[in-house]
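First up is the structure itself, then whatever we jot down about it.
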Amino acid sequence: MEQTISLEIKGMHCPNCPAKIERSLTKLDGVSKVEVYYEEENGFVTFNPSKLDVVHIINRISKLGFDATTKVTNQA
């Protein structure tokens with residue numbers, strides 16, 4: 001069963017930043033959907049928790065130079 005997390009993402013300095021995050025997260029095994037919004041400073045990631053955990057997703061975003069924290073967790 002997939003899970004969708006809502007993230008608050010700080011540090012995006014231009015409208016191209018969401019695409020950078022989306023490209024990177026989409027490459028992770030287990031991620032099926034990524035949406036990141038520059039003006040709202042947030043995003044949503046749908047993934048398979050048996051293949052990947054939230055910490056790994058947040059760490060990947062951090063390695064790109066952004067600060068991400070979980071807002072809400074929902075089952076999809």
Side-chain angles (χ1 to χ4, degrees):
M1 177 180 285
E2 289 192 324
Q3 181 178 8
T4 299
I5 56 169
S6 175
L7 299 170
E8 182 176 328
I9 303 171
K10 300 290 186 184
M12 293 187 286
H13 59 299
C14 74
N16 294 325
C17 291
K20 180 179 179 180
I21 295 168
E22 289 172 355
R23 278 192 306 271
S24 181
L25 293 181
T26 301
K27 293 177 183 177
L28 294 174
D29 185 33
V31 172
S32 61
K33 184 175 181 181
V34 181
E35 298 175 16
V36 179
Y37 303 99
Y38 170 67
E39 290 183 8
E40 291 84 7
E41 295 187 314
N42 67 16
F44 301 91
V45 181
T46 302
F47 66 101
N48 182 336
S50 66
K51 293 185 176 184
L52 188 66
D53 63 14
V54 175
V55 172
H56 194 84
I57 293 169
I58 291 174
N59 286 343
R60 173 65 69 102
I61 295 170
S62 295
K63 287 180 182 179
L64 295 172
F66 307 103
D67 181 32
T69 55
T70 306
K71 288 171 59 175
V72 179
T73 302
N74 297 318
Q75 295 295 331

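If you take CD1 on Ile58 and CG on Leu7, they are separated by 5.5 Å, rounding to the nearest 0.5 Å.
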Just list the side-chain donor-acceptor pairs under 3.5 Å for residues 48-55, sequence neighbours left out, or say none.
| from | atom 1 | to | atom 2 | distance (Å) |
| --- | --- | --- | --- | --- |
| Asn48 | OD1 | Ser50 | N | 2.9 |
| Asn48 | OD1 | Ser50 | OG | 2.6 |
| Asn48 | ND2 | Ser50 | OG | 3.4 |
| Asp53 | OD1 | His56 | N | 2.9 |

Distance-only donor-acceptor pairs under 3.5 Å for side chains of residues 26-34, two or more places apart:
| from | atom 1 | to | atom 2 | distance (Å) |
| --- | --- | --- | --- | --- |
| Thr26 | OG1 | Glu22 | O | 2.6 |
| Ser32 | OG | Glu2 | OE1 | 3.3 |
| Ser32 | OG | Glu2 | OE2 | 2.8 |
| Ser32 | OG | Thr46 | O | 3.3 |
| Lys33 | NZ | Glu35 | OE2 | 3.0 |

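Shortest non-hydrogen contact noted between Ile9 and Gly43 is CD1-N, 4.2 Å. When every heavy atom of Asn42 is checked against every heavy atom of Met12, the shortest pair comes out as N-CE, 4.4 Å.
Under the rule for a side chain to side chain contact (heavy atoms under 4.5 Å, CB included), the partners of Lys10 that lie at least two apart in sequence or sit in another chain are Glu8, Glu41, Asp67. With sequence neighbours excluded, the residues satisfying side chain to side chain contact (heavy atoms under 4.5 Å, CB included) with Ser24 are Arg60, Leu64.
Taking Ile, Leu, Val, Met, Phe, Trp and Tyr as hydrophobic and joining them when side-chain heavy atoms fall under 4.5 Å apart, one finds Tyr37 in a cluster with Phe44.
Leu25 places none of its side-chain heavy atoms less than 4.5 Å from the side chain of Phe47.
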